[in-house]
**Q** 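The structure that follows is given in the form of structure tokens.
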There are 2 protein chains.
Amino acid sequence: MTAAATEGQAREHVTPDTVHIRAPKLVGDEPATLIPVTETTPPESRSDKKERTRRAILDAALTLTEDTGLAGLSLRQVAKEVGIVPTAFYRHFDSIDQLGLALVEESFGALRAMIRDTRQGSPSLGQIVDRSVDVLAEHVRDQRAHFGFIAREKSGGSAPVRDAVRREFAYFERELATDLARLPMEHWSADDLRILSNLIVGSMIATSEEILRADPRDLPDIKHRARTQLLMVIVGALNWKSSAPS
Amino acid sequence: MTAAATEGQAREHVTPDTVHIRAPKLVGDEPATLIPVTETTPPESRSDKKERTRRAILDAALTLTEDTGLAGLSLRQVAKEVGIVPTAFYRHFDSIDQLGLALVEESFGALRAMIRDTRQGSPSLGQIVDRSVDVLAEHVRDQRAHFGFIAREKSGGSAPVRDAVRREFAYFERELATDLARLPMEHWSADDLRILSNLIVGSMIATSEEILRADPRDLPDIKHRARTQLLMVIVGALNWKSSAPS
DNA sequence: CCTTTCAGTGAACGTGCGTACACTGAAACT
DNA sequence: AGTTTCAGTGTACGCACGTTCACTGAAAGG
């Protein structure tokens, strides 16, 4: 044991190369070949390595906040999880709040990807509803951590992060309103479209939160409920002008 | 100054009698009469005093969580705000989580009071909607702190508190479903009533959160939106069975 | 009147926190 | 080859935290 330490200076502390990577999980993990991995992959530039650590920090934060929320996340926890010394955190983010804002951006990236999926093909109303709910459920499953983060920080402790989440949702809602305008809704005002959009987004958020915390076995029930609710809302919107005399 | 301290032993540290009371704000604060207040109100039993401190703790917690959430609330902060020494906290609650659960109970007490208000008189559908939104807005204004607490901790950091909030909402939703059953909704299944109830409660929660964070000047807009949405939902529900063949 | 109860005190502890500072060593640049 | 850049290191600091323990003194109760 002690003899082995004579050559190569076995360092106890972690180096940039020992950074824990969580996301990609490379394939091809056959039994180790002749050549050590560290020599098979030499071309990693300094900025590549930095980006890798940044990702590791974001992933660690995403995982750690799952229990405590961003408010209960400490710089030191993140650093330990990533495998760097606490002060090194500052090379990537000015503060936990900055980290939070980056996570908001990233999480809404996932959300936008979902929307893109939903927009592909737009048949009958009923089919739009079915497809929307399916896509939502699927994305919540695949992006659990991101959706959970958004749901938590929407009313969370950090004002800047909270506001950022809300701004994104408002933007999102406006986008849906313009989408709705393309449907055959006879001469709706922009205001009314926004109101409808707000209702739908709210219902979608509630559904996401429910999926997040529910037992996966209950997912069909939740999807059924979401579909029904969406349908109720749409039917209501279509009949609203005529049947509701103020 | 120093002379005055000779008799009566002017104590620097706070005693139970200096506990900061926030809630009741007694009336009748005429200029001090001949007799010191401490002698005009001698009959305060030990348990009364304890209850008073307990209230002060709850109120202080309610105020302090407004910035940071329950997760960011420390026993020492609360104690300082109340005017007791940190360890005295344990005379009233086992932990911050227990405090949180007490606040959940109290907050939903306020919510139930609101429901009671809403139920008084049940005229036409349109009037029910108007009245419901008015009562909601009014109660959110009057019970800002409690509603804010619920909204925050619904997805907050402490699992027991979070679960308690959700349980209360589920209960609440079930209650609304039985209320809805009394309306003339032709042979709806219990399941469908629950789905509708879930949708309405969700929309109400969203509205509350919006009122909480919005400028008071925007309240009319928000109320208009809430009314419209509620109406859309109800109209949709009424027309749903017939016009949505899946 | 004497005893018990108990809300509140005050000192002390160990821990984890954010942040400052000076540093190292390899990659990047000239 | 020589210099600069900079991600990550390691120490050290002061602070706020939760919790422990022995205590005090007035109200409650026999």
Side-chain angles (χ1 to χ4, degrees), chain A residues 8-9 11-21 38-39 41-57 60-61 64 67-68 70-100 157-158, chain B residues 8-9 11-21 38-39 41-57 60-61 64 67-68 70-100 157-158:
Chain A
Q9 264 293 48
R11 303 179 68 175
E12 269 309 305
H13 67 267
V14 263
T15 69
D17 299 271
T18 54
V19 160
H20 306 155
I21 297 303
T38 48
E39 296 195 21
T41 45
E44 188 182 35
S45 75
R46 192 137 83 156
S47 59
D48 282 351
K49 204 174 282 190
K50 178 168 187 182
E51 178 54 27
R52 200 155 61 101
T53 305
R54 190 188 141 94
R55 267 254 52 82
I57 292 178
L64 291 170
D67 303 321
T68 58
L70 190 69
L73 184 67
S74 83
L75 185 157
R76 288 179 113 100
Q77 266 180 67
V78 177
K80 184 181 238 181
E81 180 82 5
V82 170
I84 57 176
V85 100
T87 48
F89 175 88
Y90 291 113
R91 299 282 176 207
H92 303 274
F93 300 98
D94 285 348
S95 64
I96 289 284
D97 264 16
Q98 291 295 319
L99 207 196
S158 157
Chain B
Q9 265 293 51
R11 304 179 66 176
E12 268 309 306
H13 69 265
V14 263
T15 69
D17 299 88
T18 55
V19 160
H20 307 156
I21 296 303
T38 49
E39 297 195 20
T41 46
E44 187 181 35
S45 76
R46 193 139 80 156
S47 59
D48 282 351
K49 204 174 281 190
K50 179 168 187 181
E51 178 54 27
R52 200 154 62 99
T53 305
R54 191 189 139 93
R55 268 253 52 81
I57 291 177
L64 290 170
D67 303 320
T68 59
L70 190 69
L73 183 68
S74 84
L75 186 155
R76 288 178 113 100
Q77 266 180 67
V78 177
K80 185 181 238 179
E81 181 81 6
V82 170
I84 57 175
V85 100
T87 50
F89 175 89
Y90 292 113
R91 299 282 176 207
H92 303 273
F93 299 97
D94 285 347
S95 64
I96 291 284
D97 265 15
Q98 291 295 319
L99 207 196
S158 157

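Note that the coordinates shown come from a computational prediction; the quantities given were computed from them, not determined experimentally. Quick note on labels: first sequence line is chain A, next is B, and so on, each numbered from 1.
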**Q** If you check the A:R46 side chain, which of C:dG25, C:dT19, D:dC21 turns out closest?
**A**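 Closest of the options to the side chain of A:R46: C:dG25.
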**Q** Rounded to whole Å, please give me the gap between CD1 in A:I57 and P in D:dA7.
**A**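 Result: 11 Å.
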**Q** Whole-Å distance between D:dT19 C1' and B:L75 CG?
**A**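 Distance check: B:L75 CG to D:dT19 C1' gives 9 Å.
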**Q** Could you say whether B:R91 or A:K50 is positioned toward the 5' end of DNA chain D, judged by the nucleotide with the nearest heavy atom to each?
**A**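 Counting from the 5' end, the first nearest nucleotide belongs to A:K50.
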**Q** In whole Å, I'd like the distance from the CD atom of A:Q77 to the P atom of C:dT15.
**A**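 In whole Å, C:dT15 P lies 17 Å from A:Q77 CD.
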**Q** Between B:H92 and A:P86, who's closer to the 5' end of DNA chain C by nearest nucleotide?
**A**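 Nearest nucleotide further toward 5': that of B:H92.
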**Q** Report which part of the nucleic acid A:T87 touches: base, sugar-phosphate, or nothing (heavy-atom distance under 4.0 Å, all strands).
**A**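 Here A:T87 touches the bases of the nucleic acid.
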**Q** Of the candidate nucleotides C:dT9, C:dG18, D:dG18, which contains the atom at the shortest distance from the side chain of B:V85?
**A**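 The answer is C:dT9.
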**Q** Taking all atoms of both residues into account, what is the closest heavy-atom pair of B:A88 and B:I84, and its distance?
**A**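 Smallest interatomic distance, heavy atoms only, reads CB-CD1, 3.9 Å.
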**Q** If I compare all heavy atoms of B:A61 with all of B:L73, which pair ends up nearest, and what's the gap?
**A**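 The pair with the smallest heavy-atom distance is CB-CD2, 3.9 Å.
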**Q** Rounded to the Å, how far apart are A:K80 NZ and D:dG8 C1'?
**A**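 Atom-to-atom, A:K80 to D:dG8, this comes out as 18 Å.
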**Q** Do you know which two heavy atoms are closest between B:L75 and B:P86, and how far apart they sit?
**A**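 So the two residues come closest at CD2-O, 3.4 Å.
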**Q** Within this structure, what is the CZ-to-C1' distance between A:R54 and D:dG8, rounded to whole angstrom?
**A**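 After rounding, the reported distance stands at 17 Å.
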**Q** When you compare the side chain of B:H92 with that of B:K50, does any pair of heavy atoms fall below 4.5 Å?
**A**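 They are in side-chain contact.
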**Q** A:L64 has an atom CG; how far is it from atom P of C:dC17, in whole Å?
**A**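 Answer to the nearest Å: 11 Å.
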**Q** Does a side-chain N or O from A:T53 land closer than 4.0 Å to OP1 or OP2 of D:dG8, or not?
**A**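 For A:T53, the contact criterion (side-chain N or O under 4.0 Å from OP1 or OP2 of D:dG8) is met.
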**Q** Using whole Å, report how far OH of A:Y90 lies from P of C:dG18.
**A**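 In whole Å, C:dG18 P lies 7 Å from A:Y90 OH.
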**Q** Using atom CZ of B:R52 as one end and atom C1' of C:dA7 as the other, report the distance to the nearest whole Å.
**A**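 Interatomic distance, CZ of B:R52 to C1' of C:dA7: 13 Å.
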**Q** Quick one: which of A:D94, A:I57, A:V82 gives a side chain to side chain contact (heavy atoms under 4.5 Å, CB included) with A:F89?
**A**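 The option that passes is A:I57.
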